[in-house]
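This structure is a prediction, so every number in the text was calculated from the model and none was measured.
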Amino acid sequence: MAACTKCGAELETPLVCGACGTLFATEPEPTPFECLGLAPAFDLDAALVRRRLLRASRLVHPDFHGASGEEARAAAERATALLNRAHALVIDPAARADWLVRSLGGPAENDQRQMPQAFLMEVMEWNETLEAARESAPGSPARAGLDALEASLREQRESVLREVHRLLVPLPARNAPALAQARRQLNALRYLANSLTQIEALRLDSPSPR
Amino acid sequence: MGFIELNVLNNAASNVALGIDLGTTNSLGAMWKDGRPIVLHPEGGSGYVPSALHFGERGGVIVGREARELALLDPAHTLFSIKRFMGRGLKDVESDARSVPCPLSETANGVVQFEMRGRKYTPQELSALILMKVRDQACKALDGIEVTKVVVTVPAYFDDAQRQATRDAARIAGLDVLRIVNEPTAASLAYGLDRRKQGKVAVYDLGGGTFDISILSIEEGVFQVLSTNGDTHLGGDDFDRTLVEVAKKELAAVMRPSALEDRAFLQLLRLAAERCKIELSTDPEAYMHISLPESGVQWRRKFTRHEFDALTAHLIERTLHSCRRALADAKLGPEQIDEVVLVGGSTRVPAVRARVEKFFGRKPHCELNPDEVVALGAAVQAHVLMGGTREVLLMDVTPLSLGIETMGGAVAKIIQRNSTIPCQATEGFTTYVDGQNGIDFHVVQGERELAADCRSLGRFKLKGIPALPAGMPRVAVRFHIDANGLLTVTAKEESTGTSARIEVQPMNGLSDGEVETMLNSAYRNAREDFDARRAADLRTEIGTMARATERGLSQAGPALDRETRRDVEETLAAAKKAAADTRLEVVALQKRRDELERATLPLAALLMDHVAKAALSGKRLDEV
């Protein structure tokens, strides 16, 4: 843990001193985990993450630097933007896992585009179900197929996330083979998330009468 | 804050900031005072400034209540609903343009202009006039204290161009904008402050021209917006329009088609429709009247609430559609919402209340005046920004995704909608040709897949990239959406560390130079506006003095010597003539008024004498 250059207090986040309120413009940018004062890990205490976010926000948010001049406002804007981006990444399991895999030297998402043939066949089936539902009215049998598909996709997503958890907890060593395996799971997760988004969009565009 | 700190040099209150709700139909100012936000109204006034403008023959612009009243006499020179044109180009406002009584044009950067009395006005300038009027009302309510710091509210679903236009309007009005705040968020501040609320809150805000739905999580002073959705082109105006369409269809039998499309006539129809709608909120049926004596048209039509509900059902359905999207983004079902808050004048429509209640399955809150709650919330935010409290933490979101147009015309999203602001993203760019020293990119906002279907925020040109082989330069472009929801773009060439220059061509926006010019002309206008008002005041004053003089002459006239009496009568006649002559301006009117005052001095003395004598003879004053 670093110390505040102004008052010497221990820093929870490199963005701001909790004791004297000094804002820091750190270069290069701190990592998302650093911004929230957390050690990099896939397993997180969501309540702790939120507490850290709110505590830091109360120090850095531009609302509290409104009367302190242009420079302070700009620093507050920058620090809060970093904090918010850090929080968005850390609370999302897929984004968090992606960041951890990359930071440990694992493959990027484009380095491992190849998906198993069987999985791709399955994706094509999802798309057919989606297409059929898209062309039929709410309440029809094709729409019922959509419900079944959604339930199955959600279940698969949970199981992929469990597998990611198994691979990344505890955090593997740099360049460990587990990172490539996690990347494959994360790529499957993207297909699942994409199809779930399409189902949601379809429901919103032609909602069932309620 | 129990006192107002005055800067004695310029009578400006250094620790006072105003919260302003710049509305489509009405605008309002509020301020934090003695531990709570209050609406500012001058003595005897409501504080509301109708967002209406009347353009006088001599170039003066009257804003607010008087303008709204003049609309009935002179609809061709009165404008309403300027907010619907903010940050918009001509092709965006086709449907609204039909109810504007004057020609429209566009600046080179795609800013709409209204042509009135031979002058062109942008929506930014017109909104500035409204803001100045709100500020003036507030100053009056504060016994003349000058306020320059403001928080201005905008619909949550306003995009960058619309927010920018609002900020420019405030700058043109000579105001220092501390923050642009989203209307539903402001409303939640006003509500949440009263009663320590906890839980998930939905704010349904249907105003005169815009609709917003925001889902918030509120706990221990933290107001976190989870999602927002809406329609910046849906509001009470559209409800009025359904009645206007019925009227036009039925009047087609008795009127020429060209007369039906007459802009001034449409303005009249709109006002009649609005009155009818408002009555229908309290009565099961109401009449819409149209009277055009010169063309012999007398039209009266009964509307039942049932018929009105059928005409407007599709509009309410559109708001619910936005509600579903907002809930989906917040990952909540309607049953998980703990409280629903209604904001905006249009939530007085009974069908709106009923449908919202059914949708969320709970009775919505409307304890606070839906017309005041946004301004009150803006005052809370102003208080926070002035360093008044750290108890309130507001975490708002950007309503629309931000993206860059890719080679194929698709959009690569770099900031997702409903991201907490301030937020930022950095994107790397490089060159395609050896020695290329510039890169162009196009920034858009919206949810559609193709850039052409999203709103263009502008085309950016990176300049001054060092001459290197293709693909070698690494330009990091940082997109920052600030706490106002406004975008700024900065760039840095990483291989050499030089900061690249960015030139922006704003879309539907004003350049800094244009804002500067308008700021200057706004002061000139304010002067003219002031003169117009002073002239009106003088006419009234002469009228009052003339009546008093006539009364005095009938009482004490015979006691005056002939010379004096003739002087009074002649001056009186001249003053009355001056008051009736609309071509006369302040100086001439002031002269007549002063002459009348001088000439009537002997008469006044005589009357005082009478009073004194009466008093001495034991009569009561009111018996004189």
Side-chain angles (χ1 to χ4, degrees), chain A residues 15 21 27-29 32 35 47 50-51 53-70 72-92 95 138 150 154 193-194 196-210, chain B residues 14-15 17 149 151 178-179 181 217 219-222 224 229 317 320-329 331 334 358-359 361 381-398 415-416 418-426 447 478-484 486 488:
Chain A
L15 300 174
E27 201 71 53
E29 284 174 2
C35 285
R50 186 165 174 80
R51 273 203 306 279
L53 169 74
L54 295 183
R55 196 147 72 203
S57 289
R58 284 194 187 277
L59 295 166
V60 299
H61 199 281
D63 278 5
F64 308 127
H65 298 267
S68 18
E70 203 56 53
R73 263 202 301 274
E77 279 283 346
R78 193 182 109 93
T80 312
L82 282 173
L83 183 66
N84 286 335
R85 190 183 58 175
H87 179 254
L89 182 136
V90 165
I91 52 158
D92 176 26
E150 186 180 11
R154 285 191 188 284
N194 183 24
L196 281 165
T197 307
Q198 286 189 50
I199 291 175
E200 185 183 277
L202 185 54
R203 288 237 167 81
L204 286 170
D205 284 337
S206 55
S208 324
R210 45 171 290 133
Chain B
S14 53
N15 68 346
K149 293 190 168 97
V151 168
L178 297 178
R179 178 63 49 82
V181 181
S217 151
E219 49 157 347
E220 288 163 21
V222 179
Q224 185 175 14
N229 207 296
E317 183 47 47
L320 298 182
H321 192 54
S322 291
C323 291
R324 286 185 201 101
R325 287 174 182 274
L327 283 169
D329 282 349
K331 302 201 186 327
K358 187 164 169 245
F359 180 86
Q381 179 66 357
H383 177 59
V384 173
L385 287 164
M386 295 299 284
T389 176
R390 274 191 183 237
E391 275 173 39
V392 174
L393 173 63
L394 186 56
M395 298 164 83
D396 216 323
V397 300
T398 180
I415 293 179
Q416 298 292 329
N418 294 319
S419 293
T420 305
I421 51 173
C423 60
Q424 68 171 43
T426 307
E447 308 312 319
R478 182 181 287 168
F479 298 85
H480 181 98
I481 298 181
D482 69 12
N484 302 301
L486 286 167
T488 49

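Of all non-hydrogen atoms in A:L59 and B:R390, the two that sit nearest each other are CA-NH1, 4.1 Å. Nearest heavy atom pair, residue A:H61 against residue B:L394, reads NE2-O, 3.2 Å. Taking both residues in full, the closest heavy atoms of A:R58 and B:G221 are given as NH2-C, 4.3 Å, listed atom of the first, atom of the second, then distance.
Looking at A:F64 and B:L385, their side chains never come closer than 4.5 Å, going by heavy atoms from C-beta outward. Under the 4.5 Å side-chain criterion, counting only non-hydrogen atoms from C-beta, A:L54 is not in contact with B:Q224.
Judged purely by atom type and a 3.5 angstrom limit, A:N84 has no side-chain atom pairing as donor or acceptor with the backbone of B:C423. No donor-acceptor pair under 3.5 Å is formed between the side chain of B:H480 and the backbone N or O of A:R78. Remark: side-chain polar atoms of A:E77 are not paired, donor with acceptor, to backbone N or O of B:P422 under 3.5 angstrom.
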Show your reasoning for whether side chain to side chain contact (heavy atoms under 4.5 Å, CB included) applies to A:D63 and B:Q381. CA-CA 8 Å; A:D63 278 5; B:Q381 179 66 357; 3.2 Å; yes
Quick one, A:E29 with B:Q424, criterion side chain to side chain contact (heavy atoms under 4.5 Å, CB included). Give me CA distance, side-chain angles, the key distance, then yes/no. CA-CA 12 Å; A:E29 284 174 2; B:Q424 68 171 43; 3.4 Å; yes
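With a threshold of 4.5 angstrom between heavy atoms, B:S419 does not approach chain A through any atom at all. Proximity to chain B (any heavy atom under 4.5 Å) is restricted, for A:E200, to the side chain, taken from C-beta onward.
To the nearest 0.5 Å, atoms CZ (B:R324) and CG (A:L204) are separated by 8.5 Å.
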